[in-house]
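Data block below; observations after.
Residue numbering restarts at 1 for every chain, and letters A, B, ... go by the order of the sequence lines.
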Number of protein chains: 2
Amino acid sequence: MTNAILSSGLEDYLECIYNHINSTGGVKAIQISKDLNVSRASVTDALHRLAEKQYINYERYGIIVITEKGVKKAEEIIDKHTILTKFFEQVLELDIDEASENACRIEHVITEQAFNKLKLFMKEKKVLVKT
Amino acid sequence: MTNAILSSGLEDYLECIYNHINSTGGVKAIQISKDLNVSRASVTDALHRLAEKQYINYERYGIIVITEKGVKKAEEIIDKHTILTKFFEQVLELDIDEASENACRIEHVITEQAFNKLKLFMKEKKVLVKT
DNA sequence: TCACAATGTTAAACCAATCTAACAAATATA
DNA sequence: TATATTTGTTAGATTGGTTTAACATTGTGA
């Protein structure tokens with residue numbers, strides 16, 4: 001099963017890894033464990049699972065490197081996160097934390113089709129007419 | 001743990017049970033198993049868990065009865081489902097199946113606060129201004 | 001009413017994800 | 001450089017949810 005779909009959990013790990021690598025060039029397991037509020041053991045486990053599915057390259061005690069496939073996936077997730085957060089902030093007028101929290105939860109379950117429509121909606125800022 | 005929060009899975013069972021009871025007065029495990037695409041054994045298991053948390057009353061081979069608490073919870077879930085479906089249909093212009101599918105997925109994870117805002121948004125059909 | 005079909009339950013196994021505790025490796029510092 | 005601290009790994013247990021297969025109960029129609 002090296003190519004199975006990513007669970008919400010693994011998506012969170014990947015997103016976290018990508019964000020760190022993107023901003024500081026690297027990331028350590030302990031940081032991920034703090035960010036996601038899980039044990040170091042769970043991180044080790046997740047790294048194995050992500051590597052098995054070829055979203056990252058990684059060896060025992062080694063540095064974490066995202067693959068092409070991983071970057072693509074992470075960017076998709078982050079794109080969803082960004083648009084969803086904007087929707088909750090700008091359209092539903094939630095504060096940033098609540099908006100981000102909902103984005104986190106929904107980014108893993110919204111369908112591609114629905115997300116594309118939402119993206120369009122946010123770009124166009126379509127005007128609704130009261131019926 | 002008789003009062004723990006309901007997992008997405010259990011929410012689906014409860015929603016299914018409520019809908020059947022509401023429309024035909026009762027429901028059997030086999031129907032739930034068909035609706036949710038799980039084995040009869042999983043249904044039995046879910047009924048135990050729902051009963052333990054006091055969302056339903058139920059005994060071995062007996063009829064399934066929803067408690068006050070269960071009705072309240074089910075109606076909350078269905079309210080979310082309805083509003084979310086409308087949003088995806090009317091605002092994002094998805095077809096009914098895709099709208100419902102997304103509602104199903106999101107109804108279990110959206111926060112109360114976000115949902116209340118969405119509900120308001122759908123009621124007011126607020127006009128957005130392109131920035 | 002009795003046998004068969006349908007439905008429900010149980011046990012045992014499985015899987016993903018988590019944890020703790022013990023241990024190993026790497027890093028920092030005296 | 002030797003040791004102490006930090007970080008990472010492993011093993012083993014736990015939890016929730018699922019399955020299949022065997023069995024129990026209920027319901028139905030000859």
Side-chain angles (χ1 to χ4, degrees), chain A residues 1-17 20-21 24-66 70 73 77 104-105 107-109, chain B residues 1-17 20-21 24-66 70 73 77 104-105 107-109:
Chain A
M1 269 318 141
T2 61
N3 268 304
I5 238 63
L6 248 55
S7 64
S8 298
L10 279 194
E11 286 193 0
D12 284 332
Y13 284 104
L14 184 60
E15 188 176 1
C16 176
I17 290 166
H20 278 289
I21 290 181
T24 69
V27 65
K28 311 186 92 188
I30 197 168
Q31 189 57 48
I32 301 169
S33 110
K34 281 171 187 159
D35 287 3
L36 302 184
N37 250 298
V38 294
S39 68
R40 297 198 307 280
S42 295
V43 176
T44 300
D45 193 70
L47 294 178
H48 283 306
R49 286 182 283 133
L50 283 173
E52 196 191 314
K53 294 172 201 293
Q54 296 174 239
Y55 288 96
I56 62 172
N57 287 135
Y58 139 93
E59 305 189 339
R60 230 162 148 271
Y61 297 105
I63 61 170
I64 299 164
V65 178
I66 307 201
K73 186 68 176 180
I77 300 166
C104 269
R105 295 176 180 205
E107 69 194 20
H108 306 298
V109 298
Chain B
M1 269 319 138
T2 62
N3 267 305
I5 238 64
L6 248 57
S7 64
S8 299
L10 279 193
E11 286 192 359
D12 284 332
Y13 285 104
L14 184 60
E15 189 177 359
C16 176
I17 290 166
H20 279 289
I21 290 181
T24 70
V27 64
K28 311 187 92 186
I30 197 170
Q31 190 57 48
I32 301 169
S33 111
K34 282 172 187 158
D35 287 3
L36 302 184
N37 249 296
V38 294
S39 68
R40 297 200 307 282
S42 295
V43 176
T44 300
D45 192 69
L47 294 178
H48 283 306
R49 285 181 283 132
L50 282 172
E52 196 191 313
K53 293 171 201 292
Q54 296 173 238
Y55 288 98
I56 63 172
N57 286 137
Y58 139 94
E59 306 189 338
R60 229 161 149 269
Y61 297 105
I63 61 170
I64 299 165
V65 178
I66 307 202
K73 186 69 177 179
I77 300 166
C104 269
R105 295 176 179 205
E107 70 196 20
H108 306 297
V109 298

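Nucleotides of DNA chain C nearest to B/G62 and A/N37 differ in position, and the one nearer the 5' end is that of B/G62.
For the atom pair A/I32 CD1 and A/D12 CG, the distance stands at 12.0 Å (nearest 0.5 Å). To the nearest 0.5 angstrom, A/S8 atom OG is 9.0 Å from A/E107 atom CD. Residue A/C104 holds its SG atom at 11.0 Å from CD1 of A/I77, rounded to the nearest 0.5 Å. For the atom pair CG (A/L6) and OH (A/Y13), the distance works out to 12.0 Å, reported to the nearest 0.5 Å. Distance check: A/R60 CZ to A/T44 OG1 gives 10.0 Å after rounding to the nearest 0.5 Å.
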When you look at A/K73 and A/E11, which way does the side chain to side chain contact (heavy atoms under 4.5 Å, CB included) test go after all the steps?
CA-CA 8 Å; A/K73 186 68 176 180; A/E11 286 193 0; 3.8 Å; yes
Please list, for nucleotides 21-26 of chain C, all pairs of protein and nucleotide N/O atoms separated by less than 3.5 Å.
{"residue": "C/dA25", "atom": "O4'", "partner": "A/Y61", "partner atom": "OH", "Å": "3.4"}

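The shortest distance between the side-chain N/O atoms of A/R49 and the OP1/OP2 oxygens of C/dA16 is not below 4.0 Å. For the pair A/H48 and D/dT10, the criterion of a side-chain N or O lying under 4.0 Å from OP1 or OP2 is met. Within the 4.0 Å cut-off from OP1 or OP2 of D/dT19, at least one side-chain nitrogen or oxygen of B/S39 is found.
Side chain of B/S42 to backbone of B/V38: no donor-acceptor contact under 3.5 angstrom is found. For the pair A/R105 (side chain) and B/V109 (backbone), a donor-acceptor distance under 3.5 Å is present.
When each of B/I56, B/I66, B/N57, B/I64 is tested with B/L50 by the rule side-chain contact (heavy atoms from CB on, under 4.5 Å), just one qualifies, namely B/I56.
Here D/dG16 presents its C1' atom at 12 Å from CD of B/E52, a figure rounded to the nearest Å. One interatomic measurement links the two molecules: NE2 of B/H108 to C1' of D/dG17, which rounds to 15 Å at whole-angstrom precision. C/dT9 atom P lies 11 Å from atom CD of B/E59, rounded to whole Å. One can place CG of B/D45 at 17 Å from P of C/dA13, the figure rounded to the nearest angstrom.
Of all nucleotides listed (C/dA17, D/dT18, C/dT9), C/dT9 comes nearest to the side chain of B/T44.
Considering all non-hydrogen atoms of both residues, A/C16 and A/D35 come closest at SG-OD2, 3.3 Å.
Looking at residues 24-36 of chain A, you'll see A/K28, A/A29, A/I30 sit with a heavy atom under 4.0 Å from some atom of DNA chain D. The stretch residues 8-16 of chain B does not touch DNA chain C, since none of its heavy atoms comes less than 4.0 Å from the strand.
Residue-level contact check: B/V38 touches the backbone only, with heavy atoms under 4.0 Å from sugar-phosphate atoms and none from bases.
Within the 4.5 Å cutoff, no side-chain heavy atoms of B/Y55 are placed close to those of B/R49.
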